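Please read the structure below before turning to the comments.
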Amino acid sequence: MAYSEDHSKAALTPSLQFTKKSKGEKRVSFPSDEEMVSGFAEHKDVWRDVDSITLKEIIANYKQACQKHQVEPKSMILEQLQGITDVSNRARCLDLKGERLDYQSCESLEEILKLLQFEIINLQETELEENGASALLDMILYYESTAHLDMSSNTNIGVGGWQALSHLLQKSRCLRRLDACNLPLQEYPAQRLSRALRCSRLAVLHLDNASLNGQPLFTLVCALKVNCALQELYLGNNKLNSYQDAMQLGELLKYNHCLKLLDLSNNLISDAGLEEICDGLRVQRNGIRSIVLWNNQITHRGMLHLASTLPCVTTLETLNLGHNNIQDKGIQELKEGLIANRSLLQLGLAYTGITCEGAVATAEFIVESLRIQRLDVRKNLIRAAGLMALSLALRINHSLIRVDLDKKPKKEKEAFLIETQKNLLQEIRNQCLSNAAAAKKTVFNTAPQPEDTL
């Protein structure tokens, strides 16, 4: 369950040389025509003989580049390079988090990027400025350096940096995930990012704490309405409101049926905003699978909208309503919608103010469900009666394999009920383990046998 408390070989290419013309300006110098490989879009595997490259040579080239650009080789980079065992395939990660990267440091990284590719390049909190960011992002695009780029917490990349990032998103064939959290998306950055997303191959986009509300959100939604690649969108901590912002999110869900996960954690959606989002969810047929509404000031009133929507959303597998003051009344309102929905696998109800009454209503849903696999009801006031209802439901339900409950029993008026709680907690754990074991056995028994395979 998504919670909020929570690629190809490289090839040798002619070296790009980024030389500073003047403050705030950059020039890209290519080799002569006879050395130039025609067609930027050609796959670089045909350009590089990776078998002729050794890790020792890559490290030596990096040190020489540092000397040329008059910067010290970074010890954290050297340590990571020395841990790479196979230079012919993508390395796991180039982690530069917290390491200050000025323009010259970025220039020196080219000797690594042109000889190695990575699954992840982490540039969080690297104090990138416009020239350095622009140069580094151009290199990452040119050498198809990574499938996952983290640019979070670099607030000074400037116009040039946003232009380079936009170009990277538009042109890269291998970039599948971008983290751009803690980067204020004001008017210009939002426009550049949105323009790139219209045709980007990006599958996962993290934009948490990006001041993405109002006009910037409208700009983003306009682009994502026509985007057919993005599958996961994270918009936590953006102060998204219950009126205009929620209406835009509802519009996004009406038009985009490719999005599989929408995380709206820690916003201000409230009951009125949830109604707008539900309007969009009702027209989803083959799209959304996970909705995270953690901590959005939603109450039992919002459950009426959600209950009427759930039977229509036949692809929804994860619903996280944690840290909202739903209370027992809200679970009662939601119960029939949950029962009517036949796709839900994971339900998050942590910190929702429910007591034994809400646990009983949840148990009634569990009894009826043939698919639910995980339930989170931590940090609620569920005592012996509620635990008894959940335990009895698990005697009938055989799909639930995980129930998250507080480990310590809640206070009771009678001492013997504390011991009863402990026994019930153990029974629930055992029943989940039994269901999990049975599920694994079923999968094993139904798997193709050697004689059945082609």
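Small disclaimer: the values here were computed from a predicted structure and weren't measured. Keep in mind that the numbers below use all heavy atoms, side chains included, and drop hydrogens, waters and symmetry copies.
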| task | With rounding to the nearest 0.5 Å, note down the distance linking CG in L123 to CG in L109. | result | 8.5 Å
| query | Does CG in N286 sit with more than 12 non-hydrogen atoms of other residues, nucleotides or ligands closer than 6.0 Å? | reply | no
| said: Do P189 and L183 have side chains that approach each other closer than 4.5 Å (heavy atoms only, starting at C-beta)? | reply: no
| Is the number of heavy atoms from other residues, nucleotides or ligands within 6.0 Å of NZ (K63) greater than 12? | no
| Heavy-atom side-chain proximity of F118 to I84 below 4.5 angstrom | yes
| task | Please report the C-alpha distance between D208 and N237 in whole Å, then the side-chain angles of each, then the deciding distance to 0.1 Å, and finally whether the side-chain hydrogen bond (donor to acceptor under 3.5 Å, both in side chains) criterion is met. | result | CA-CA 6 Å; D208 302 271; N237 294 284; 5.0 Å; no
| said: Check R378 with D376, please: is the shortest side-chain N to carboxylate O separation under 4.0 Å? | reply: yes
| said: Could you walk me through whether I291 and V313 satisfy the side chain to side chain contact (heavy atoms under 4.5 Å, CB included) test, starting with their C-alpha distance in whole Å, then the side-chain angles of each, then the deciding distance to 0.1 Å, before giving a yes or no? | reply: CA-CA 11 Å; I291 288 280; V313 193; over 6 Å; no
| request: Show your working on side-chain hydrogen bond (donor to acceptor under 3.5 Å, both in side chains) between S134 and N131 and close with a plain yes or no. | output: CA-CA 5 Å; S134 180; N131 277 350; over 6 Å; no
| query | Going through the distances and angles, do Q163 and Y188 end up as a side chain to side chain contact (heavy atoms under 4.5 Å, CB included)? | reply | CA-CA 10 Å; Q163 288 176 339; Y188 180 79; 3.2 Å; yes
Tabulate below the donor-acceptor pairs under 3.5 Å that side-chain atoms of residues 75-83 make, not counting sequence neighbours, or state none.
unit_1, atom_1, unit_2, atom_2, d
Q80, OE1, D95, N, 2.7
Q80, NE2, M76, O, 3.2
Q80, NE2, D95, O, 2.7

| message | What I want to check is whether the side chains of N295 and N266 have a donor and an acceptor closer together than 3.5 Å. | response | yes
| query | Is the NZ atom of K379 crowded by more than 12 outside heavy atoms at less than 6.0 Å? | reply | no
| said: S172 and side-chain hydrogen bond (donor to acceptor under 3.5 Å, both in side chains): which single residue from R201, E144, H167 fits? | reply: E144
| field | Check: L178 and L168 side chains under 4.5 Å, non-hydrogen atoms | value | no
| When you look at CD of Q373, are more than 12 heavy atoms from neighbouring residues, nucleotides or ligands closer to it than 6.0 Å? | yes
| task | Apply salt bridge (Lys or Arg N to Asp or Glu O under 4.0 Å) to R192 and list each qualifying residue two or more places apart in sequence or on a separate chain. | result | none
| Passes side-chain hydrogen bond (donor to acceptor under 3.5 Å, both in side chains), R282 versus T309? Steps please. | CA-CA 6 Å; R282 287 191 187 96; T309 302; 3.2 Å; yes
| message | Does any part of the side chain of L193, heavy atoms only, come nearer than 4.5 Å to the side chain of L207, both counted from C-beta? | response | yes
| query | Residues two or more places apart in sequence or in another chain: which of them pass salt bridge (Lys or Arg N to Asp or Glu O under 4.0 Å) with R92? | reply | E119
| Q67 atom CD, neighbour heavy-atom count above 12 within 6.0 Å | no
| field | Atom CD of Q191 with >12 non-hydrogen neighbours under 6.0 angstrom | value | yes
| request: Calculate, to the nearest 0.5 Å, the distance between atoms CD1 and OG belonging to I401 and S434 respectively. | output: 12.0 Å
| Test log, rule side chain to side chain contact (heavy atoms under 4.5 Å, CB included), inputs L310 and L344 | CA-CA 9 Å; L310 283 173; L344 201 64; 5.7 Å; no
| Is the shortest heavy-atom distance from the side chain of H257 to the side chain of Q284 under 4.5 Å? | yes
| task | Starting at CG of N154, measure out to CG of L128 and round the result to the nearest 0.5 Å. | result | 4.5 Å
| request: List the steps and the verdict of side-chain hydrogen bond (donor to acceptor under 3.5 Å, both in side chains) for N435 and Q431. | output: CA-CA 6 Å; N435 283 349; Q431 287 164 332; over 6 Å; no
| task | Answer yes or no: are there more than 12 heavy-atom neighbours, outside K239 itself, under 6.0 Å from its atom NZ? | result | no
